[in-house]
Amino acid sequence: MHAPKSIESFLIQSKQGYRSLKHKLFAMSSTKLVLYSVLIGIVGGLAAQFFAECVRLASHYFLTGIAQYTPPGLPNEGGILTETFGKYGRWLIPVVTTLGGLLSGWLVYTFAPEAEGHGTDGAVKAYHQNGGRIRGRVPLVKTVASAITIGSGGAAGREGPTAQITAGIGSVVAGWLGLDDRTRRLLVLAGIAAGLSAIFRSPLGTAFFAIEILYTEMEFEARMLVYTVIAAVVAYAVNGIFVGWEPIFSLPATTAFHDPLHLIWYSILGIIAGIVGAILPSIFYYTRDYFKKLKISAKLKPALGGLLLGLMALALPQILGGGYGWMQLAMDGKLTIGLLAVLAVAKIIALSFTISSGGSGGVFAPTLFSGTMLGAFVATLANTLFP
């Protein structure tokens, strides 16, 4: 008579025990993931600092040493907002940009072809197609090749390479710890968030960026957000130990929105930026397709891109490198309205020569450069028409 109740009671207790065990295992797993995220944040922050130092070193030897040209630098990064030329003026710039492209192309296509380009695409491909696996040599090759590209004047940024470098470190760490593919993917995303946070000093924004860059549609890996936030915040803290806590760019303390009529100009800027943003990928990928069709070795194509960039820089040296110093000058109102308009477009072409030819560097800083010039252009136009 009591057997059915006993069996029912046994099944209920077993189910409760299973749920309790599952909850404990999940809690243990979550704790480990948090610890892994902290670890990647620390390593990613240090790796980003190392890469930034490599870029500075390459710039010292290539642009400043050989070309005898020093572009404006950000005061918050120890630079000065003036450019200097040597006795040969700008004439050695094409030599340096070509040399940088030649060295970068040889490194990438000899040791790690997946390190070419802007970096984030390689990390996304590894996440979706390779179970988060990135070869151990990729972070090293990407570090050296991108430092040479940017340091020799290539129109590229530090953000994309840093993302691939720290994503690769996350994959390598996962391999050392013997983790499964799901956890490896998490560490890859945490690495992207950590590297970008350290290099751009925006932990929350880069944490969201890491989980939404994976898809072209309005989708993102929400379950990974807590871990990318942890990694990004830790990396930001590590970075702050070395460079402080100030934002990259500085604005006057009086900068504030106080007139609703200004929204008209913001709308105008949004329309212009939207048009430019739609044109940019077309130019970038058209240039990439052109270089792919060239019947020369892939190792030499970045050198050709560097030469074309250097020839442009004879007239517009502002397009070299990431251009952060020039962005600060634009924000300070130190550039003419005509130059602002020209630079907004010229940087897109310079970016295409550098990266679409197979060079190693990021696309974020150049697009930020174009956007900054557009914003300064609209602001200058508004102040001219309505002082």
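Values reported hereafter were calculated over all heavy atoms of this structure, with side chains retained and with hydrogens, waters and symmetry mates removed. From a predicted model like this one, the values you see are computed outputs, not experimental measurements.
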(request) Determine, step by step, whether Trp326 and Glu83 satisfy the side chain to side chain contact (heavy atoms under 4.5 Å, CB included) criterion, reporting the C-alpha distance in whole Å, the side-chain angles of both residues, the deciding distance to 0.1 Å, and the verdict. (result) CA-CA 10 Å; Trp326 292 110; Glu83 63 176 338; 3.5 Å; yes
(request) Look at the aromatic rings of Phe257 and Tyr266 and report parallel, tilted or perpendicular, splitting at 30° and 60°. (result) tilted
(request) Decide yes or no for Arg133 and Arg184: does some side-chain heavy atom of the first lie under 4.5 Å from some side-chain heavy atom of the second? (result) yes
(request) Could you tell me which residues satisfy side-chain hydrogen bond (donor to acceptor under 3.5 Å, both in side chains) with Lys301, sequence neighbours excluded, listed by chain and number? (result) none
(message) Are the side chains of Arg201 and Pro247 in contact, using a 4.5 Å heavy-atom criterion?
(response) no
(request) Measure the shortest side-chain to side-chain distance between Ile283 and Tyr286 over non-hydrogen atoms and say whether it is less than 4.5 angstrom. (result) no
(request) Check Ala313 against Ile319 and note the closest heavy-atom contact, atom names and distance. (result) N-CD1, 4.0 Å
(request) Taking side-chain hydrogen bond (donor to acceptor under 3.5 Å, both in side chains) as the test, write out the residues that go with Asp289, two or more places apart. (result) none
(message) Restricting to non-hydrogen atoms, name the atom on Ser37 and the atom on Tyr227 that form the minimum distance, rounded to 0.1 Å.
(response) OG-CB, 3.2 Å
(request) Compare all side-chain heavy atoms of Met327 with those of Phe249 and state whether any distance is below 4.5 angstrom. (result) yes
(request) Would you mind reporting whether Pro72 and Gln328 have side-chain heavy atoms less than 4.5 Å apart? (result) no
(request) Answer yes if the side chains of Asn383 and Thr380 hold a donor-acceptor pair under 3.5 Å, and no otherwise. (result) no
(request) Work out which heavy atom in Ile192 is nearest to a heavy atom in Ala163; give both atom names and the distance. (result) CG1-O, 3.8 Å
(message) Tell me if the centroids of the rings in Tyr324 and Phe369 come within less than 6.0 Å of each other.
(response) no
(message) Go through it in stages, so that I can follow the logic: the residues are Phe291 and Leu304, the test is side chain to side chain contact (heavy atoms under 4.5 Å, CB included), and I'd like the CA-CA distance, side-chain angles, deciding distance and then a yes or no.
(response) CA-CA 9 Å; Phe291 274 98; Leu304 176 58; 3.8 Å; yes
(request) Check whether any side-chain heavy atom of Ile134 lies under 4.5 Å from a side-chain heavy atom of Ile169, and answer yes or no. (result) no
(message) One pair to check against side-chain hydrogen bond (donor to acceptor under 3.5 Å, both in side chains): Ser146 and Ser360. What are the steps and the verdict?
(response) CA-CA 5 Å; Ser146 296; Ser360 182; 2.7 Å; yes
(request) Check Tyr109 against Gly358 and note the closest heavy-atom contact, atom names and distance. (result) OH-CA, 3.5 Å
